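Heads up, the thing below is written out as structure tokens.
Every value quoted in this text rests on a predicted model; they were computed, and no experiment measured them. Chain letters run A, B, ... following the sequence lines, proteins first and then strands; every chain starts at 1. Keep in mind that the numbers below use all heavy atoms, side chains included, and drop hydrogens, waters and symmetry copies.
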Amino acid sequence: PRNTDGYDYANYHTLNEINSFIDMLVAENPNLVSKIVIGQSYEGRPLNVLKFSTGANRPGIWIDTGIHSREWVTQASGTWFAKKIVTDYGRDPALTAILNKMDIFLEIVTNPDGYAYTHTSNRMWRKTRKPNSGYSCVGVDPNRNWDAGFGGAGASGYPCSETYRGPYANSESEVKSIVDFVKSHGNLKAFVSIHSYSQMLLYPYGYTSTPCKDQSELHALAKKAITDLASLYGTQYTYGSIINTIYQASGGTIDWTYNQGIKYSYTFELRDTGRYGFALPANQIIPTAQETWLALMAIMQHTYNNPY
Amino acid sequence: RENFVGHQVLRIQPTNEEQISVLRSLAEKHDLGLDFWTEPVSVTKPVDVRIPFKVLQPIKIFLLENDIQYSIMIQDLQDLLDEEERVMKTRSAQ
């Protein structure tokens, strides 16, 4: 495609195609969108983040998609979100109001090495691609590598496991780069990390059964978000804290962001309920993105309306 | 390229805590090469697991011996991936 209007949002794309999309989107919308490179993956690929901004020194909302590389519908949805933001800015009053006061950061491919590997070598790859000393098994589960209950139950210490936590917290550059960005920004108000599949919207904690101090507010907002989501196609989501809804998981992304003071920390599990798993047909991409966008808007609007 | 010919994804429905415990012990046997897409947590959540062809038969026997119900969610994963690739190529040509 020569521009982002010609991009096929209803198809899965390689990393190079997504990176080209990012560059086109920035070139087409120079006053709204810029690209930030927050670091490099283990194999040296840039960790690209789209910044949607209409002013300086604004509080921010972070969205990342597809930290587990095989969850292709997630990265595809992220691409659709990016186009949706530039299309709706100036047209949709709610999004316009948000962007007139806050920045949105979107990392479409959070684990580029893994994503590239799913296109070239192993479609079912989940982890990063960093070798593990002394083992033939490669990679760390980047959603067990954060410094929140790191090393506790719900993560593996065995490098060949799909949920290997890594040798130490933030050992993966894909994780450390976000950690550094979050700390240096210092004013993120919402952090949404998007995965698939299982159809869930989850809030902290995963590493402990102790309720987070904002649980009642996060629970009510999750209910609103999944109700909005279901209004489009009737897709049913469950919601709650990670440990109560799915399983105990230590070292997870949003447990860390919440402990950093980002109150509106959520993680999604997008479609489907398991008929296809990670090989969800491409004709499901746009419906998935559309319905998820409604939930994202609910979270972003609540964040906008409830400054802290 | 890694080949998934004959790999099946089973949807396992544990009915009690004992079965969940059995499935957890299965998940810890890394040499089997099982890939848990959803993990054994509670009787309300089905467990989806990709099983390589070479251990498919013994795993199914193991589940039957432990009276654990399952259904085949994906009959042959490689078929699904081939279809995914075919659709991508077709769309790319368009």
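Residue contact with chain B, scored on non-hydrogen atoms closer than 4.5 Å, involves the side chain of A:Tyr158 exclusively. Only the side chain of A:Ser198 has a heavy atom closer than 4.5 Å to any heavy atom of chain B. For A:Arg275, the part lying under 4.5 angstrom from a heavy atom of chain B is the backbone only. Looking at A:Arg126, neither its backbone nor its side chain comes within 4.5 Å of chain B, counting heavy atoms on both sides. For A:His119, the parts lying under 4.5 angstrom from a heavy atom of chain B are both the backbone and the side chain. Within the 4.5 angstrom heavy-atom criterion, only backbone atoms of A:Thr120 (N, CA, C, O) approach chain B. Only the side chain of A:Tyr197 comes within less than 4.5 Å of a heavy atom of chain B; its backbone N, CA, C and O stay farther away. Only the side chain of A:Trp72 comes within less than 4.5 Å of a heavy atom of chain B; its backbone N, CA, C and O stay farther away. For A:Asp8, the part lying near chain B is the side chain, with the backbone staying farther off; criterion is any non-hydrogen pair under 4.5 Å.
Atom NZ of B:Lys45 has more than 12 heavy atoms from other residues, nucleotides or ligands within 6.0 Å. Surrounding OH of A:Tyr9 are more than 12 heavy atoms belonging to other residues, nucleotides or ligands, all under 6.0 Å away.
Under the 3.5 Å distance criterion, with hydrogens and angles disregarded, no donor-acceptor pair is assigned to the side chains of A:Tyr237 and A:Glu269. B:Arg50 and B:Gln8 share no side-chain donor-acceptor pair at under 3.5 Å. For the residue pair A:Asp23/A:Ser20, the side-chain donor-acceptor check at 3.5 Å is not satisfied.
For the pair A:Arg70/A:Asn111, no side-chain contact is recorded, criterion being any heavy-atom separation below 4.5 Å from C-beta on. The side-chain heavy atoms of A:Tyr7 and A:Lys83, taken from C-beta on, include no pair separated by under 4.5 Å.
Per-residue heavy-atom pair counts under 4.5 Å with chain A were compared for B:Glu83, B:His7, B:Glu84, B:Glu85, and the maximum is reached by B:Glu84.
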